[in-house]
Amino acid sequence: MSAARPPEGAHTAAEGEGIPSIAARPPEGARTAAEGTGIPANPGAPPRAAMGQSHPHESARAQVAGAAHYIDDLPELKGTLYAAPIVSTVAHGRLDGVDASAAMALPGVRAVVLAVDVPGDKMLAAPERDEPVFAIDSVQFVGQVIGLVVAGSVQQARRAARAVKLDITALPAILSVPDALAADSHVLPPVSLRRGDAARGLAQAQHRLSGRLEVGGQEHFYLEGQIAYALPLEQRQWCIHSSTQHPGQVQHWVAQALGLERHAVHVQCRRLGGGFGGKETQAGHLAVWAAVAAHRLGCPVKLRLARDEDFIITGKRHPFCYQYDVGFDDTGRITGLRLQMAANCGFSADLSGPVADRALFHCDNAYYLSDVELTSYRCKTHTQSHTAFRGFGGPQGVIVIETILGDIARALGQDAQDVRLRNLYGEGRSVTHYQMPVQDNILPALLPQLERQARYRQRRQEIAHWNARSPVLKRGIALTPVKFGISFTATLFNQAGALVHVYTDGSVQVNHGGTEMGQGLHTKVAQIVADELGLPLHRVQVTASDTSKIPNASATAASSGTDLNGRAAQIAARQVRDNLAAYLSALDGCAAHDIRFEDGQVRTPRQQRRFDAVVQAAYAQRIQLWSDGFYRTPGIHYDKATLTGQPFFYFAYGAACSEVVLDTLTGESRVLKVDILHDVGRSINPAIDIGQIEGGFVQGMGWLTTEQLQWDGQGRLTTHAPSTYKIPTTGDIPAHFRVELWPEANRADTVGGSKAVGEPPLMLAISVFEALRNAVAAGRGTDAHAPVALNAPATAENLLRALSGQ
Ligand code: MTE
Ligand code: HPA
Ligand code: MOS
């Protein structure tokens, strides 16, 4: 992969790093971090004593025992007060006044905190500066936070918040993508990306199809809702406990709202009860609100949203509307594509720019698009500001090309698997529409393997026979691939830091810039450090994310947590090991590279010692037993103006084969069988990776089947609780659910040859949507070659509509 060769002028990880106080010369012949793209495998230890093993998640036992602490479990400081949000009841309007007198008269109420109480910048430090901390003179969606009530208990605060009277003059609201497009309402300017000549590709095509598709958003439904606990300390110093994927951004936002320098704000998070992208920026809002209230009252304030409030206030996955015109030949190969993607961004930009960019980068999915013209609209509507959600726009790019290919196959009367295979990247067709070479493509081997494992062809025949004899129930099967680009598209975020501390008893503490949200990052980082030092895993402890330990850390997002922080921690551990090796090589008169760290022992050609004994002796010789580590992804770059370059370090691949059954009278459906073959490179922890694949798949299935966000004509989200918003339950998990890992290591230089796993599997669930469309085609009894007009999510209502061709 070209990533192995850093671009001119790029320097690699170790360059410019502080030299440890007693610097060890790297062992003769060993490559250092300054060469190549990373650091070499531990030369002295058997690689992967801990890595590659299915160790349980570091918190698994504590979590099932109820002993793992989330923010709301932390012991509260004396004098802590509780806040509840006052929210707009109007989608768009002029805020003429807030009457808090009735609320203030209620028991326990201590203050009503409004925009005037923000001591620093009244605008949030969001990139586009388009969101006020609290609404100032206008409101832009139902649920916008106008202020907080602070009281002696959560219940008192919530009751009083409902007693606040708002004087709002309603203005016309834009509530849908078509309305936003008609009104030229955008949070960011439209972006286009083209390659070749789409007009010619379409004009000369043997066949053409055009269509529209709507794909709904998705509520994150993290089990732990959004929460922040703000503690004013002495001398204008602050501590913020935040359930956030991005402590550094919480620090930034709180400092700006309080008018402080960032060094005055210390943010901590031991774990999140799920984030899924929903706590990448949205956690910052809560932290700022709690901090402003704590500032006003001079005491600790905790803000925990009720589930309904969380639904109503926070952004979701972007809903998308598409319009396309595609040309293809007799074999189903695409010869020209014109595609318009319009994202419903809600009232502010938030992360919509990079989300919509990632949709552009993924609307090829696994396929070569020779002549393509893409336009991306970032529509402003008067709804919640939509945000990161697992896949970050990628799923919204992948789904449209998969539905197009499904309809092409139908139009030609061919097996969709053949059409997909013919469109894959391959010889002479290996550069993406954004000019990145696809050099690690394993799909031409992976897809046929899954096809065999899942008996796709035979089952397709069997299903056709079964459907012919089943007038009401219809089955469908589909096999779809995923190719997902790994790296933050904003190149600067692809950096990470870590600290490795070895204590004199030989136990190890690691801290890194990532956050643990259930995905197993801390477990993997501990495995990496354990192998680097040749220690059993239990000797390594990862501690809470903390802005005072690792500064300026990126969000834990883009699936890059392990690639970035794992590598930084590996570099830090390696430096401590080198210090110890240098000390022992002098002592035993041997080369440092002849020293092996394994099984908790350190072996030189002369002697074997316990790791803790070496550490104690080295400490007595004043050897540095701790180190930092810093890593930046090499070789990535992209031009924001033209959206071309190499935004990704590598691609993660996978494919799923799903079979569904549809009741054509009621529209009800079930997923019957799922077979997955997914590429995580050389797995650091197979159990955790398989858990991510299963969880990602099921979450994607929810997005495309039962999870429906419904806003009414006034812009009120009517599905704001589990009673009306249906995430998958255990009963929805198919009885046959097989996940296998592709056996090959990453060809890019990552920790142990592993690949990112957090987001890509979500898109495997597009196979369920395609299988449902195939079931609809079997059940509608009209022209078998016509496209299936099914919008996502495939609820019973939408399936019935598609069946009746409405
Ligand atoms: N898994 C769990 N259990 N909980 C989560 O919140 N978030 C997902 C994914 N898997 C998430 C998860 C998202 S959106 C991302 S980007 C990655 O985890 C982030 O973690 P990683 O980079 O360490 O994989
Ligand atoms: N993925 C996830 N989160 C992000 C990204 C990305 O590419 N860019 C900025 N935040
Ligand atoms: Mo994940 S959407 O990148 O937090």
Side-chain angles (χ1 to χ4, degrees), residues 57 59-60 63 126-127 218 220-224 243-246 248-249 271-283 315-318 349-362 386-397 484-494 496 512-525 542 545 553-567 633 636 638 640 647-649 652 680 684-685 688-689 691-700 703 750-751 754-763:
H57 189 288
S59 290
Q63 281 169 319
Q218 187 176 21
H220 301 85
F221 221 114
Y222 20 64
L223 290 184
E224 178 207 29
S243 179
T244 174
Q245 294 175 238
H246 198 174
Q249 188 186 64
R271 63 173 64 75
L272 304 84
F276 307 112
K279 295 173 182 170
E280 187 172 337
T281 60
Q282 308 286 295
K316 327 211 166 292
R317 181 188 294 286
H318 291 68
D350 185 77
L351 294 167
S352 298
V355 165
D357 286 354
R358 192 174 271 273
L360 282 169
F361 290 144
H362 285 80
H386 298 310
T387 192
F389 195 137
R390 204 171 195 169
F392 202 77
Q396 292 97 320
F484 191 78
I486 302 300
S487 288
F488 286 93
T489 52
T491 305
L492 81 165
F493 294 143
N494 296 288
H512 59 82
T515 55
E516 176 58 51
M517 58 191 102
Q519 85 280 39
L521 173 61
H522 285 0
T523 311
K524 289 182 176 178
V525 171
V542 181
S545 313
S554 298
T556 307
S559 305
S560 312
T562 303
D563 284 7
L564 297 172
N565 299 288
R567 191 28 80 78
T633 312
I636 48 174
Y638 105 96
K640 254 186 134 173
F648 307 119
F649 189 31
V680 298
I684 292 173
N685 187 318
I688 284 178
D689 285 346
Q692 285 290 295
I693 296 165
E694 292 171 343
F697 180 90
V698 171
Q699 195 168 37
W703 168 48
T750 51
V751 184
S754 63
K755 280 195 182 185
V757 68
E759 295 166 286
L762 184 130
M763 284 151 277

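Atoms within each ligand, like the ligands themselves, are counted from 1 in listed order.
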Polar contacts were defined as any N/O atom of the residue lying under 3.5 Å from an N/O atom of the ligand; does this apply to Glu759 and ligand 3?
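There is such a contact, yes.
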
Is the closest N or O pair between Gln245 and ligand 3 shorter than 3.5 Å?
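Yes; at least one N/O pair falls below 3.5 Å.
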
Please indicate whether any nitrogen or oxygen in [X] is less than 3.5 Å from any nitrogen or oxygen in ligand 1.
{"X": "Phe276", "value": "yes"}
{"X": "Phe389", "value": "no"}
{"X": "Gln519", "value": "yes"}
{"X": "Gly275", "value": "yes"}
{"X": "Gly274", "value": "no"}

Below 4.0 angstrom from a heavy atom of [X], which ligand 2 atoms are there? Numbered from 1 as shown, please.
{"X": "Ala558", "answer": "1 (N), 2 (C), 6 (C)"}
{"X": "Arg358", "answer": "7 (O)"}
{"X": "Thr489", "answer": "7 (O)"}
{"X": "Ala557", "answer": "2 (C), 3 (N)"}

Counting each atom of ligand 3 from 1 as listed, which ones have a heavy atom of [X] under 4.0 Å away?
{"X": "Gly277", "answer": "2 (S), 4 (O)"}
{"X": "Phe389", "answer": "2 (S)"}
{"X": "Ala557", "answer": "3 (O), 4 (O)"}
{"X": "Arg390", "answer": "2 (S)"}

With a 4.5 Å limit on heavy-atom distance, are the side chains of [X] and [Y] in contact?
{"X": "Tyr638", "Y": "Asp357", "answer": "yes"}
{"X": "Thr633", "Y": "Thr491", "answer": "no"}
{"X": "Thr523", "Y": "Asn685", "answer": "yes"}

Cation-aromatic face contact Lys279/Tyr222, 6.0 Å, 45 degrees
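Yes, cation above the ring, under 6.0 Å and within 45°.
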
Which residue and heavy atom of the protein sit nearest [atom], plus the separation:
{"atom": "atom 10 (N) of ligand 2", "answer": "Glu280 OE2, 2.7 Å"}
{"atom": "atom 4 (N) of ligand 1", "answer": "Met517 O, 2.9 Å"}
{"atom": "atom 10 (N) of ligand 1", "answer": "Gln692 OE1, 2.7 Å"}
{"atom": "atom 15 (C) of ligand 1", "answer": "Glu759 CG, 4.0 Å"}
{"atom": "atom 17 (C) of ligand 1", "answer": "Gly758 CA, 4.1 Å"}

Would you kindly specify which portion of Glu280 sits under 4.0 Å from ligand 3, judged on non-hydrogen atoms: side chain, backbone, both or neither?
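For Glu280, only side-chain atoms sit under 4.0 Å from ligand 3.
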
Ligand 3 versus Ala558, non-hydrogen atoms closer than 4.0 Å: side chain, backbone, both, neither?
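Answer for Ala558: backbone.
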
Determine, considering heavy atoms only, which of Arg390, Glu280, Gln245 sits nearest to atom 14 (S) of ligand 1.
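The option holding the nearest heavy atom is Arg390.
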
Indicate, as side chain, backbone, both or neither, the part of Ala558 found under 4.0 angstrom from ligand 1 when only non-hydrogen atoms are considered.
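Only the backbone of Ala558 comes within reach of ligand 1.
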
Test of understanding: given a 4.0 Å heavy-atom threshold, classify the contact between Ala756 and ligand 1 as side chain, backbone, both, or neither.
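Ala756 to ligand 1: no contact under 4.0 Å from either part.
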
Are His318 and Phe392 close enough, and set up right, to give a ring pair (Phe, Tyr, Trp, His ring centres under 6.0 Å), and what steps lead you there?
CA-CA 9 Å; His318 291 68; Phe392 202 77; 8.3 Å; no

Applying a heavy-atom cut-off of 4.0 Å, say which part of Phe392 lies close to ligand 2: side chain, backbone, both or neither.
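Side chain only.
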
Which atoms of ligand 1 are found less than 4.0 Å from any heavy atom of Gly518?
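Counting from 1, the qualifying ligand atoms are 2 (C), 3 (N).
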
Mark up the atoms of ligand 1 that fall under 4.0 Å of a heavy atom belonging to Ala557, in ascending order.
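Listed by number with element: 16 (S).
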
Would you please classify the geometry between the Phe493 ring and the His246 ring as parallel, tilted or perpendicular, with 30° and 60° separating the classes?
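Answer is perpendicular, since the angle exceeds 60°.
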
Mark yes or no for whether [X], through its side chain, and [Y], through its backbone, hold a donor-acceptor pair below 3.5 Å.
{"X": "Glu516", "Y": "Gln519", "result": "yes"}
{"X": "Arg358", "Y": "Gly485", "result": "yes"}
{"X": "Thr750", "Y": "Ser754", "result": "yes"}

Working to the nearest 0.5 Å, report the span between CG of Leu492 and OG of Ser554.
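OG of Ser554 is found 7.0 Å from CG of Leu492.
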
Write down the atom of Thr489, the atom of Pro354, and the distance for their closest heavy-atom approach.
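So the two residues come closest at OG1-CB, 4.2 Å.
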
